[in-house]
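For reference, the structure discussed in these notes is given below.
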Amino acid sequence: MNDFHRFSKRFGKIQGKLQEQAEREYAYALSQIVSVTEQMASLKDELTMAMHNRADISLLQDWPLWEQRVRYLQQQLMRYQEWLSELEGQANLKRTQLHKAHQQSEKWKSIVGKLDEEWQAQVAASVQREADEVAMIRFGRSQTAGG
């Protein structure tokens, strides 16, 4: 096995590790999106309830309190939507990185596979050559001993 072959094997393993890291990062990005989406759903429910309470108030003096709560929840919801957009952008980037890491990993697996095949063929040829040489020596000895 030559130096390039050994290097290729090690580098191929590194590429596999990079792919695993990219998979973990993409999964984490998706989990963040799920979490923010769930928080947004809860916030929307709270906003709906606050809007209902604001509309149902029997005393006019309570209206400013509920109006303030509705505006606050609307602002929070807008922040969450911006955050979600950011997270989706990051997830798209992570998906692209994962795709590239996968391609690199597959490329190096192919290179290492070809190098392994070449190396095995070289070893097999070398073993056959040595076996032929041993057979020739034995044949020569038997001819000399018998002659």
Side-chain angles (χ1 to χ4, degrees), residues 1-56 62-145:
M1 192 179 310
N2 64 26
D3 289 340
F4 182 70
H5 190 183
R6 279 190 287 279
F7 164 78
S8 296
K9 280 188 167 255
R10 277 185 262 142
F11 194 75
K13 287 180 183 178
I14 291 169
Q15 289 297 322
K17 296 289 184 189
L18 290 174
Q19 180 181 344
E20 291 172 7
Q21 178 65 27
E23 288 169 354
R24 283 191 298 274
E25 288 176 4
Y26 182 58
Y28 179 71
L30 291 179
S31 72
Q32 285 184 309
I33 289 173
V34 168
S35 175
V36 169
T37 302
E38 289 171 350
Q39 291 172 18
M40 282 179 64
S42 175
L43 194 58
K44 284 178 183 178
D45 290 344
E46 195 175 340
L47 177 61
T48 301
M49 198 161 158
M51 290 172 83
H52 179 73
N53 287 339
R54 181 184 65 181
D56 271 356
D62 291 340
W63 191 88
L65 176 69
W66 285 109
E67 178 62 17
Q68 182 181 5
R69 180 72 178 152
V70 166
R71 286 179 193 249
Y72 170 78
L73 291 172
Q74 288 172 334
Q75 289 173 353
Q76 287 297 103
L77 190 57
M78 285 177 29
R79 286 188 189 118
Y80 272 84
Q81 287 170 335
E82 290 170 4
W83 189 20
L84 181 61
S85 293
E86 273 184 45
L87 290 173
E88 287 171 341
Q90 290 173 6
N92 287 336
L93 177 63
K94 296 295 180 190
R95 183 176 55 238
T96 301
Q97 290 171 344
L98 173 59
H99 180 68
K100 287 178 182 178
H102 177 72
Q103 286 178 329
Q104 285 295 322
S105 180
E106 291 301 312
K107 176 181 172 183
W108 279 97
K109 282 180 188 175
S110 173
I111 289 170
V112 169
K114 287 177 185 175
L115 289 172
D116 282 345
E117 287 174 11
E118 290 174 9
W119 182 71
Q120 288 172 357
Q122 289 173 358
V123 168
S126 176
V127 167
Q128 185 61 49
R129 207 172 24 255
E130 288 179 23
D132 291 346
E133 287 175 9
V134 168
M136 292 292 282
I137 292 170
R138 286 184 181 160
F139 179 73
R141 284 185 188 161
S142 69
Q143 291 296 324
T144 307

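Note: hydrogens, waters and symmetry copies are ignored here, and every other heavy atom, side chains too, is used.
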Greater than 12 external heavy atoms within 6.0 Å of Gln68's CD: no
Expected output: side-chain Thr96 to main-chain Asn92 donor-acceptor under 3.5 Å: yes
Whether over 12 other heavy atoms sit under 6.0 Å from Arg24 CZ: yes
Shortest non-hydrogen separation from Ser105 to Gly16 and the atoms involved: OG-CA, 3.9 Å
Separation between CZ of Arg54 and CG of Leu47, rounded to the nearest 0.5 Å: 8.5 Å
Under 3.5 Å side-chain donor-acceptor pair for Gln19 and Gln15: no
Pair Lys114 + Glu117, salt bridge at N-O below 4.0 Å: no
From CD (Gln32) to CH2 (Trp83), nearest 0.5 Å: 7.0 Å
Separation between CG of Asp132 and CZ of Phe139, rounded to the nearest 0.5 Å: 13.5 Å
Closest non-hydrogen atom pair between Leu98 and Glu23, with its separation: CD1-CG, 3.3 Å
Side chain to side chain, Met49 and Asp45, heavy atoms closer than 4.5 Å: no
Nearest non-hydrogen partners of Leu73 and Ala50, listed with the distance: CD1-CB, 3.9 Å
side-chain hydrogen bond (donor to acceptor under 3.5 Å, both in side chains) between Asp116 and Gln120, worked out: CA-CA 6 Å; Asp116 282 345; Gln120 288 172 357; 5.8 Å; no
Donor on one side chain, acceptor on other, Gln39 and Ser35, under 3.5 Å: yes
Side-chain heavy-atom pair Leu84, Met40 within 4.5 angstrom cut-off: yes
Side chain to side chain, Gln21 and Lys17, heavy atoms closer than 4.5 Å: no
Donor-acceptor pair, side chain of Ser85 and main chain of Gln81, under 3.5 angstrom: yes
Pairs meeting criterion salt bridge (Lys or Arg N to Asp or Glu O under 4.0 Å) with involvement of residues 75-104, two or more places apart: Glu25-Lys94
Any side-chain heavy-atom pair of Gln90 and Leu87 under 4.5 Å: yes
